Amino acid sequence: MPAPELRDEFDNLMEEAGDAVFRVDLQGQILFASARASTLLASKNALAGQALADHLPEEDQPALRAVLADVAATRLPGRVELRLKTPEQLLWFELRVSGFTNRADQFELLVVGRDMSVQHATEERLRHMATHDALTELPNRLLLSDRIRMVIASARRSGQGFSVATVGLDGFKKVNDGLGHPIGDAVLRMAAERLRKTLRDSDTLARVGGDEFVAVLPGTYTEAQIKLVTGRLIATLQSPFEIDSHTIYMGASVGVALYPEHAEDEVRLVALADAAMSRAKETGKARCVVYSQSQSGPPEHDISLEAAMFQAVREGEFLLYYQPIVDAHTREIQGFEALMRWKHPTLGMVPPARFIPIAETNGLINLLGAWSLKAACVQLKQFQEVAKRNLYISVNISPRQFRNDKFLDVLDDAIAFSGLLGEQLVLEITEGTLMIDPVHAESILSKMAERKARIAIDDFGTGYSSLAYLKRFPISVLKIDRTFVRDLPGSQKDGAICNAVLDLAKHLGLSVVAEGVETEAQLQYMEQRSCQYIQGYLTGKPMPAHVAMAALKERTYAKVVTNDLRQVHP
Ligand code: C2E
Ligand code: CA
Ligand code: CA
């Protein structure tokens, strides 16, 4: 009996493989398909002899041709994600393509397909949840910014202005407090629906806060147009809401800002429309106010704070607080996140949410960030001496800092100056930071990895980018955003998101920190789902270094919290 051909052996092996495997020629004709591949595509005829591309939707066929041609030309392996047609539906697959020379000395291609539909569905679900308000299903603030940026881009091209209108329900708080949250929620859902019906399809309606909606109105710019639209918005909310046996009367105040007259970026446009809405509320409600320069809005306020910040740098008014990151199971402190504080002589503790965005705009963040990185590293050294064991320090890196040319020097300086090992350092960045310039990000991240510093994705789930970057970049940690933990264990939707993130992390070999854990029930929820690390008020608020040191001496966490740590938060 002749020795079996290598190719037959190979095909036999493939038959047993769990993946869908094809051998194809350079034109993409199937020479052989594994059993899994045949079942999947459920082809009535033998797959051999058919074109692999015929099993793809038309839009995905060019991507397949490109990768096959590429592998044939370069002889280097390639990969592509695309959809395969199965009898029931289209399924996402990752196809890995490599080439080999067969016995007849011809170059052939091996295509191994892995089912990615679960990942894609998770991705889609996360994306939807991260960009929509759960109650009304309207876009949230994140998606709103995105939409406004798109409208700005098209307004630039067409030269036609547009307006942003903020709609606040008058008297909502009374309804919510007096009749209870379920009725309040029903009012919000109905209000959202009525507003949506009043607007055109090309308008965007988002829910941005408890009782606040924002409408983006492309092409609505003149006074007459604005009056017409906002008049309708107010009127639709004035007709009574019939819920259960209640008849509820509400009203609405509207504020409007115009592009480009009042502002040319999305943040300012919304802030100014908001300021105008406050003005409408102050001056009698149930009306619309268009922003005017004389109105005092957030920008003027920021200017004085900005001036004070430069002063504060000179006076050394910035300091770092440290929040413990604990093991969910043993509850032992594993590390700390360094969080910046500004101790202003008259304003008191100014929260970072107020001053970091300003520092980010004027560039002061580079200075503050360099200082906080170095100070945090030095502090960790001291923490370790007290604890007599290794800990890690997690430091926030802002987008502008990350893009700064000097960032790697700053990092090296902090490591050298403190004498820490790179691996004791975690750098927290957001998805947004990575996505501004992925090519640059990739190069910086790989240099961070050379220094052994770990990368954590902060506020994970709130960004709106593709999850594909998790594979592309050397990331070690995902920090589940506080907004997904807050309503646990009650909220099914948040539970689904947390489970999806934990699942994703497990498959990608990443560790997870759940942020904002405030209750024992939340901690247990996370622990039961193998979330390794916890950070939140339950196990410690951000605290000054000397209090953190006392906590380290105590070792177990719960005890310290019930003693005096609750009082140290500013
Ligand atoms: P972040 O990085 O998401 O930090 C976590 C925030 O959640 C902190 O707010 C922390 O005090 C708060 N937090 C932690 N546990 C709980 C909890 O159980 N419940 C609640 N309600 N909140 C909790 P903080 O300190 O006000 O910082 C706000 C943000 O400012 C940070 O969000 C971060 O984005 C930024 N930030 C703070 N320090 C720095 C810094 O040194 N550099 C940069 N670039 N950004 C910083
Ligand atoms: Ca953080
Ligand atoms: Ca965070």
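Since the structure is predicted, the reported quantities are computational estimates derived from the model, not experimental observations. Counting from 1, the numbers follow the sequence of the chain as shown.
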*pair Tyr533-Val512: side-chain heavy atoms closer than 4.5 Å*: no
*Can a salt bridge be assigned to the pair Arg127 and Glu124 using a cut-off of 4.0 Å between side-chain N and carboxylate O?*
yes
*Between Lys452 and Glu450, does a salt bridge (Lys or Arg N to Asp or Glu O under 4.0 Å) hold up when you go through it step by step?*
CA-CA 5 Å; Lys452 302 267 185 309; Glu450 278 168 24; over 6 Å; no
*Quick one: closest heavy-atom pair of Glu337 and Gln535, and the distance?*
OE1-NE2, 2.7 Å
_For Ala155 versus Gln160, what's the shortest heavy-atom pair and its separation?_
CB-O, 3.2 Å
*For the pair Arg529 and Glu527, find out whether any cationic side-chain nitrogen is under 4.0 Å from an anionic carboxylate oxygen.*
no
_Quick check for you: to the nearest 0.5 Å, what is the distance between Leu272 atom CG and Met277 atom CE?_
13.0 Å
*Inter-residue atom distance Arg207.CZ - Glu137.CD, 0.5 Å rounding*: 11.5 Å
*For Leu138 and Ala192, which heavy atoms make the closest approach, and how far apart are they?*
CD1-CB, 3.7 Å
_For a 4.5 angstrom cut-off between non-hydrogen side-chain atoms, does Val513 reach Leu478?_
no
*Hey, are the side chains of Leu52 and Leu47 touching, using non-hydrogen atoms and a 4.5 Å cut-off?*
no
*Under 6.0 Å from the six-membered ring centre of Phe407 and within 45° of its axis: does the NZ or CZ of Arg403 meet both?*
no
*Hey, mind stepping through Gln532 and His329 against side-chain hydrogen bond (donor to acceptor under 3.5 Å, both in side chains) and telling me if it holds?*
CA-CA 7 Å; Gln532 203 179 351; His329 188 59; over 6 Å; no
*Before giving the answer on side-chain contact (heavy atoms from CB on, under 4.5 Å), spell out for Leu411 and Leu425 the whole-Å C-alpha distance, their side-chain angles and the decisive distance to 0.1 Å.*
CA-CA 10 Å; Leu411 179 63; Leu425 186 57; 3.6 Å; yes
*asked:* Tell me if the NZ atom of Lys197 is crowded by more than 12 foreign heavy atoms within 6.0 Å.
replied: no
_So for atom CD, which belongs to Gln29, do other residues, nucleotides or ligands contribute more than 12 heavy atoms lying within a distance under 6.0 Å?_
yes
*Are Met448 and Arg451 close enough that some pair of their side-chain heavy atoms sits under 4.5 Å apart?*
no
_Are there over 12 heavy-atom neighbours, none belonging to Arg141, within less than 6.0 Å of that residue's CZ?_
no
_SB check Arg83 Glu59 (cutoff 4.0 Å)_ = yes
*Could you check if a side-chain atom of Lys479 sits within less than 4.5 angstrom of a side-chain atom of Asp459, using non-hydrogen atoms only?*
no
*Hey, is Asp503 close enough to Lys506 for a salt bridge, meaning N to O under 4.0 Å?*
no
*Ring geometry between Tyr291 and His262 (parallel below 30°, tilted from 30 to 60°, perpendicular above 60°)*: perpendicular
_Within-4.5 Å side-chain heavy-atom neighbours: Ile480 and Val485_ = yes
*Could you tell me the separation between the CD1 atom of Ile429 and the CE atom of Met435, rounded to the nearest 0.5 Å?*
9.5 Å
_Heavy-atom check, side chain of Ser394 versus side chain of Ile325, under 4.5 Å_ = yes
*Can you see which heavy atom on Gly99 is nearest to which on Leu109, and at what distance?*
CA-CD2, 4.0 Å
_If I take atom NZ from residue Lys85 and atom CD from residue Glu58, how far apart are they, to the nearest 0.5 angstrom?_
8.0 Å
*What distance separates Leu40 CG from Leu91 CG, expressed to the nearest 0.5 Å?*
6.5 Å
*Measure up the His440 and Phe402 rings against each other and bin them: parallel (under 30°), tilted (30 to 60°), perpendicular (over 60°).*
perpendicular
*Could you pull out the closest heavy-atom pair between Gln61 and Leu56, with the gap in Å?*
NE2-O, 3.1 Å
*asked:* When you compare the side chain of Glu261 with that of Tyr221, does any pair of heavy atoms fall below 4.5 Å?
replied: yes
*For the residue pair Phe473 and Tyr469, does the interplanar ring angle fall in the parallel (under 30°), tilted (30 to 60°) or perpendicular (over 60°) class?*
tilted
*Flag this pair as yes if the NZ/CZ of Arg114 is under 6.0 angstrom from the six-membered ring centre of Phe93 and inside a 45 degree cone about the axis; otherwise no.*
no
*Closest contact, heavy atoms only, Glu431 versus Ile457*: CG-CG2, 3.7 Å
